[in-house]
Amino acid sequence: MSKAVHDSLRIERDYDASPARVFAAWADPAARDRWFVTGEGWSGTYQHDFRVHGRESGRFRFSDGPEITNETVYHDIVPDRRIVFAYTMGRTDGGPFSFSLATVELSPAGEGRTRMVFTEQLAMLAEGDTAAGREHGWRILLDRLADELVG
């Protein structure tokens with residue numbers, strides 16, 4: 001792709017858990033590994049540093065596909081309310097293919113429930129990388145987050 005393609009996505013989800021519990025599933029490395037890192041067909045490693053200016057990194061592979069890298073920096077964290085982070089995705093054999101700024105907003109949605117709004121702005125550099133594809137991936141991860149919250 002010769003030009004960067006810019007797009008955005010927004011996903012709203014309600015969870016049967018308090019904002020504190022949803023936030024903890026993002027913040028706790030063991031919980032985050034369960035819903036964000038590991039999964040059927042996926043292998044990889046992830047190093048967590050969940051704090052403002054913290055840097056996280058990971059390497060993932062689905063089945064025998066190419067290895068994908070993820071480098072994340074947290075810019076704003078308000079416990080139980082908001083997480084703002086930037087991340088770069090790439091391939092170990094070809095450099096970065098996208099840059100993103102993401103915001104997770106949590107608010108009470110009735111007793112013991114949370115409304116989460118996930119918003120992401122993307123700059124995509126690789127042919128075939130689309131906001132629809134990224135949204136599909138996030139929806140799978142946020143379904144896994146729901147499973148983590150009830151598990």
Side-chain angles (χ1 to χ4, degrees), residues 1 3-42 44-62 68-91 96-151:
M1 181 179 297
K3 290 175 41 172
V5 174
H6 299 268
D7 211 334
S8 63
L9 62 98
R10 178 183 168 102
I11 302 170
E12 295 186 28
R13 277 296 293 263
D14 287 344
Y15 291 106
D16 288 324
S18 69
R21 190 146 174 249
V22 176
F23 181 85
W26 283 83
D28 177 67
R32 183 104 180 270
D33 275 346
R34 286 190 295 270
W35 70 267
F36 185 75
V37 178
T38 60
E40 188 174 331
W42 286 93
T45 60
Y46 203 78
Q47 297 177 333
H48 301 276
D49 186 9
F50 187 80
R51 62 185 173 87
V52 174
H53 306 300
R55 295 181 174 273
E56 297 187 343
S57 62
R59 293 176 177 264
F60 305 90
R61 179 185 314 269
F62 183 72
I68 299 169
T69 62
N70 178 313
E71 301 292 330
T72 298
V73 177
Y74 291 98
H75 294 285
D76 184 54
I77 298 173
V78 179
D80 308 340
R81 300 286 304 175
R82 182 177 59 241
I83 306 164
V84 179
F85 58 98
Y87 72 98
T88 303
M89 291 185 67
R91 290 176 48 168
F97 59 77
S98 69
F99 301 90
S100 296
L101 176 65
T103 304
V104 176
E105 297 174 287
L106 307 172
S107 59
E111 190 167 332
R113 293 182 52 80
T114 299
R115 164 62 53 108
M116 187 194 78
V117 177
F118 178 88
T119 306
E120 182 172 344
Q121 288 95 26
L122 301 105
M124 295 161 289
L125 307 177
E127 201 69 45
D129 196 10
T130 65
R134 189 65 54 88
E135 181 174 341
H136 175 74
W138 272 111
R139 286 189 183 278
I140 291 169
L141 290 171
L142 297 176
D143 286 346
R144 291 177 46 128
L145 172 59
D147 293 342
E148 171 69 21
L149 294 169
V150 298

Go through the structure and list residues passing side chain to side chain donor-acceptor pair (under 3.5 Å) with [X], not counting sequence neighbours.
{"X": "Arg81", "result": "none"}
{"X": "Glu111", "result": "none"}
{"X": "Arg55", "result": "none"}
{"X": "Asp147", "result": "none"}

Work out which heavy atom in [X] is nearest to a heavy atom in [Y]; give both atom names and the distance.
{"X": "Gly58", "Y": "Tyr46", "value": "CA-CD1, 3.5 Å"}
{"X": "Pro19", "Y": "Leu106", "value": "O-CD1, 3.8 Å"}
{"X": "Ala131", "Y": "Ser8", "value": "CB-O, 4.1 Å"}
{"X": "His75", "Y": "Val73", "value": "CD2-O, 3.5 Å"}
{"X": "Leu145", "Y": "Ala25", "value": "CD1-CB, 3.4 Å"}
{"X": "Arg139", "Y": "Arg10", "value": "NH2-O, 4.4 Å"}

Which residues pass the side-chain contact (heavy atoms from CB on, under 4.5 Å) test with [X], sequence neighbours left out?
{"X": "Ile68", "value": "Met89, Phe97"}
{"X": "His6", "value": "Ala4, Ala123"}
{"X": "Ser57", "value": "Gln47, Glu71"}

**Asked** Is there a side-chain contact between Val5 and Lys3, using heavy atoms and a 4.5 Å cut-off?
**Response**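 When only atoms from C-beta onward are counted, Lys3 and Val5 do not touch, as no gap falls below 4.5 Å.
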**Asked** Looking at side-chain heavy atoms only, is the closest gap between Val37 and Phe60 below 4.5 Å?
**Response**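 Yes, side chains in contact.
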Mind checking the [atom1]-[atom2] spacing from [X] to [Y]? Nearest 0.5 Å is all I need.
{"X": "Ile11", "Y": "Glu120", "atom1": "CD1", "atom2": "CD", "result": "8.0 Å"}
{"X": "Leu9", "Y": "Thr119", "atom1": "CG", "atom2": "OG1", "result": "8.0 Å"}
{"X": "Ile77", "Y": "Arg51", "atom1": "CD1", "atom2": "CZ", "result": "9.0 Å"}
{"X": "Thr114", "Y": "Leu149", "atom1": "OG1", "atom2": "CG", "result": "8.0 Å"}

Looking at residues at least two apart in the chain, or sitting in another chain, which of them share a salt bridge (Lys or Arg N to Asp or Glu O under 4.0 Å) with [X]?
{"X": "Asp80", "result": "none"}
{"X": "Arg61", "result": "none"}
{"X": "Asp7", "result": "none"}

**Request:** In sequence, state the C-alpha distance, the side-chain angles, and the governing distance for Arg13 and Asp143, and then conclude on side-chain contact (heavy atoms from CB on, under 4.5 Å).
**Result:** CA-CA 9 Å; Arg13 277 296 293 263; Asp143 286 346; 2.6 Å; yes
**Message:** side-chain contact (heavy atoms from CB on, under 4.5 Å) for Leu141 and Phe118? Distances and angles first, verdict last.
**Reply:** CA-CA 12 Å; Leu141 290 171; Phe118 178 88; over 6 Å; no
**Prompt:** Which ring pair (Phe, Tyr, Trp, His ring centres under 6.0 Å) pairs, counting each pair once, include a residue from residues 8-31, with sequence neighbours left out?
**Reply:**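 Sorted pair list: Phe23-Phe50, Trp26-Trp35.
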**Prompt:** Under the salt bridge (Lys or Arg N to Asp or Glu O under 4.0 Å) rule, what pairs show up with a residue in residues 21-33, not counting sequence neighbours?
**Reply:**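 Only Arg32-Glu56 qualify under salt bridge (Lys or Arg N to Asp or Glu O under 4.0 Å).
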**Message:** Can you tell me how the ring of Tyr87 sits relative to the ring of Trp138, calling it parallel under 30°, perpendicular over 60° and tilted otherwise?
**Reply:** perpendicular
**Item:** Expected output: side-chain Thr69 to main-chain Arg59 donor-acceptor under 3.5 Å
**Value:** no
